[in-house]
2 protein chains.
Amino acid sequence: MKIDPNSSANLSAQIAKAIRDSIVSGDLIIDERLPSEAELADYFQVSRPTVREALKRLAAQSLIRTQRGATGGAFVNRLSFKEAYADQVTTSTLLLSMNEVSFDTACEARYALERACAPLSAKRRTADQLATMRTEIFRQSQPSLTDEAYCASDVAFHRALVDGADNPVLSYQLAGAVEAMQPLMNMITFTTRSRGIMVCLHSSIADAIENGDGAEAIDCLHNLEAETRKIAADVFAARAASK
Amino acid sequence: MKIDPNSSANLSAQIAKAIRDSIVSGDLIIDERLPSEAELADYFQVSRPTVREALKRLAAQSLIRTQRGATGGAFVNRLSFKEAYADQVTTSTLLLSMNEVSFDTACEARYALERACAPLSAKRRTADQLATMRTEIFRQSQPSLTDEAYCASDVAFHRALVDGADNPVLSYQLAGAVEAMQPLMNMITFTTRSRGIMVCLHSSIADAIENGDGAEAIDCLHNLEAETRKIAADVFAARAASK
DNA sequence: GACTTTTAAATGTCAGACAATAAAAACATT
DNA sequence: AATGTTTTTATTGTCTGACATTTAAAAGTC
């Protein structure tokens with residue numbers, strides 16, 4: 001089933017890798033129960049704490065779940081898209097903050113990916129998703145909204161657009177690009193005027209989606225990207241000048 | 001710095017969360033050393049094995065690295081894009097295999113995302129990346145190639161296309177979509193004729209990229225998607241009929 | 001037969017110890 | 001004094017053995 005040479009490095013990492021490989025390769029099926037910690041320890045010829053460290057590594061990646069009690073143990077976890085979103089967002093956020101990705105780079109990626117979804121969303125969006133888009137646009141038009149709440153609404157709008165493509169793979173891949181940008185977006189203060197322009201652009205996107213016009217939606221997203229980058233550039237320039 | 005209520009659930013998970021939050025929020029800086037395991041155990045009022053389980057959870061997510069020796073310890077890890085690729089691919093692969101995502105759904109997502117990269121790649125690709133694309137096309141034209149090697153070459157070609165956009169965020173997000181499809185692609189046997197068509201389409205994509213014609217590249221990718229789905233549909237139909 | 005209690009198996013946690021490692025400190029040599 | 005060698009020390013890695021907690025199934029009771 002899986003082996004473990006007693007050479008050089010971290011036993012718990014090796015054991016985790018062996019089990020992970022078994023899961024990825026399909027040797028271990030979903031919901032299948034792994035041997036108990038004592039049995040694994042015996043099998044790999046290590047102590048129980050070492051096995052436990054290995055299992056915790058796998059648990060951190062949502063590959064297994066553990067259950068206490070008589071019929072408990074470690075079970076291969078079904079990795080759901082919904083669960084994976086959270087990790088994806090966390091990882092993407094850290095990647096952006098730790099690697100000094102510029103606003104422009106992140107922005108470019110985000111809108112490029114959204115444009116990939118737009119034609120599909122124009123074809124398949126549900127009435128509900130369209131309604132969400134309209135609701136968020138209305139919210140964004142309220143002047144009382146704080147910058148943070150405005151950004152959150154922006155994410156919700158784009159999330160609805162992406163989900164409208166009705167493709168879980170796309171939604172998953174995009175979760176990182178869209179939501180991870182929120183900290184960057186939060187660095188920007190929106191003036192009444194810039195908000196007005198963006199609400200207008202959002203409306204035109206929603207219109208295009210409603211009319212099933214994918215090409216038009218792509219055009220609007222191009223405009224929105226240009227506007228967003230322009231606003232950001234202005235904010236950064238003003239901030240630099242005031243120093 | 002971080003707290004830990006002694007209520008209900010998994011201490012190691014709680015401790016891992018507390019430390020993870022400190023990293024994500026920026027309280028802990030890159031390369032900063034965490035307190036030693038003994039100090040953490042004392043701080044959280046738990047035993048060292050429990051602290052270690054928590055640290056292993058974080059290590060599994062590449063959030064920390066550990067070092068033995070006098071000046072050793074756990075250090076906040078810089079999460080590089082390159083490191084994150086591997087996890088992204090593993091997770092995406094599992095998501096596809098565990099959630100019975102159809103070939104069409106995965107294929108649609110993949111090509112939609114690639115089309116998002118195409119215009120940028122047409123503008124920015126290096127000579128080296130273009131050469132890689134040509135090399136892989138040539139390799140794909142060799143009839144002796146096994147189906148698996150052909151698929152691997154296909155991934156390499158598309159990887160070069162995506163990397164040509166010169167946007168690490170895009171490359172990262174796409175790694176999952178492109179590479180995770182390989183197991184699905186491996187289910188398909190390519191006839192000499194279908195390979196010929198695909199090589200032809202790949203060439204036209206490379207031409208468009210070379211000429212800086214993003215719109216043309218997008219058109220070609222549309223054709224390639226249609227062809228890929230057609231081949232897959234034929235293979236699946238034939239397989240179903242032979243049963 | 002239905003409800004309650006006991007039992008057993010498993011994970012969760014703890015305490016204390018020793019091994020392995022790697023850097024710094026102390027020492028010896030030239 | 002500079003350099004090379006040995007010792008010390010701090011830290012992670014691992015082991016052993018124990019107890020606590022949880023949960024389901026088995027045994028017992030009404």
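Scope of the values below: all heavy atoms of this structure, side chains included, with no hydrogens, waters or symmetry mates. We name chains A, B, ... by the order of the sequence lines, and we start the count at 1 in each one. Fair warning: this is a prediction, and the values are worked out from it, not measured in the lab.
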Visitor: Rounded off to whole Å, could you give me the NZ-to-C1' distance for the B:Lys56 and D:dT12 pair?
Guide: 8 Å
Visitor: Using a cut-off of 6.0 Å, state whether more than 12 heavy atoms not belonging to B:Phe236 lie near its atom CZ.
Guide: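 Yes, the 6.0 Å shell around CZ holds more than 12 heavy atoms from other groups.
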Visitor: State which of D:dG13, D:dT23, D:dC15 makes the closest approach to the side chain of A:Ala70.
Guide: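 Among D:dG13, D:dT23, D:dC15, the one nearest the side chain of A:Ala70 is D:dT23.
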Visitor: Quick one: the side chain of B:Arg68 and the base of D:dT11, do they pair up donor-acceptor inside 3.5 Å?
Guide: no
Visitor: Rounded off to whole Å, could you give me the CD-to-C1' distance for the A:Glu53 and C:dT11 pair?
Guide: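 Computing the A:Glu53:CD to C:dT11:C1' distance gives 15 Å.
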Visitor: Is any side-chain N or O of A:Arg52 closer than 4.0 Å to OP1 or OP2 of C:dG12?
Guide: yes
Visitor: Whole angstroms only, please: what is the CD-C1' distance between A:Glu39 and C:dA10?
Guide: 10 Å
Visitor: Look at B:Ser47 and C:dC14 and indicate whether a side-chain polar atom (N or O) is within less than 4.0 Å of OP1 or OP2.
Guide: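 Yes.
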Visitor: Strictly below 4.0 Å: does A:Thr71 bring a side-chain N or O up to OP1 or OP2 of C:dA9?
Guide: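 Answer no for this pair, as no side-chain N or O of A:Thr71 is under 4.0 Å from OP1 or OP2.
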Visitor: Is A:Arg65 touching bases, backbone alone, or none of the nucleic acid, heavy atoms closer than 4.0 Å?
Guide: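 The residue A:Arg65 makes no contact with any strand.
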Visitor: Should the pair A:Arg139-A:Glu136 be classified as a salt bridge under the 4.0 Å nitrogen-to-oxygen rule?
Guide: yes
Visitor: D:dA20 C1' sits how many Å from B:Leu11 CG, rounded?
Guide: 12 Å
Visitor: In whole angstroms, how far is the C1' atom of C:dA9 from the CZ atom of A:Phe75?
Guide: 12 Å
Visitor: Drop me the distance from B:Asp21's CG to B:Lys17's NZ, to the nearest 0.5 angstrom.
Guide: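 Separation between the atoms: 3.5 Å.
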Visitor: If you draw a 6.0 Å radius around CD in A:Glu148, do more than 12 non-hydrogen atoms from other residues or ligands fall strictly inside?
Guide: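 Counting other residues, nucleotides and ligands, CD of A:Glu148 stays at 12 neighbours or fewer.
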Visitor: Roughly, in whole Å, what's the span from CG in B:Asp42 to C1' in C:dC14?
Guide: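 That distance rounds to 14 Å.
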Visitor: Map B:Ser36 and A:Pro49 onto DNA chain D by nearest heavy atom, then report which one ends up closer to the 5' terminus.
Guide: B:Ser36
Visitor: Starting at CD of B:Glu37 and ending at P of C:dT13, how long is that distance when rounded to a whole Å?
Guide: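 Interatomic distance, CD of B:Glu37 to P of C:dT13: 16 Å.
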Visitor: For a quick check, tell me whether the side chain of A:Arg48 and the base of D:dT14 share a donor-acceptor pair closer than 3.5 Å.
Guide: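 Not at all, since no donor on one side and acceptor on the other fall under 3.5 Å apart.
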Visitor: Could you say whether A:Thr66 or B:Gln67 is positioned toward the 5' end of DNA chain C, judged by the nucleotide with the nearest heavy atom to each?
Guide: A:Thr66
Visitor: Rounded to whole Å, how long is the line connecting atom CG of B:Asn10 with atom C1' of D:dA20?
Guide: 14 Å
Visitor: Please state whether the phosphate of D:dC15, meaning OP1 or OP2, lies under 4.0 angstrom from any side-chain nitrogen or oxygen of A:Thr50.
Guide: yes
Visitor: Looking at side-chain heavy atoms only, is the closest gap between A:Leu113 and B:Leu170 below 4.5 Å?
Guide: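 Yes, at least one pair of side-chain atoms sits under 4.5 Å.
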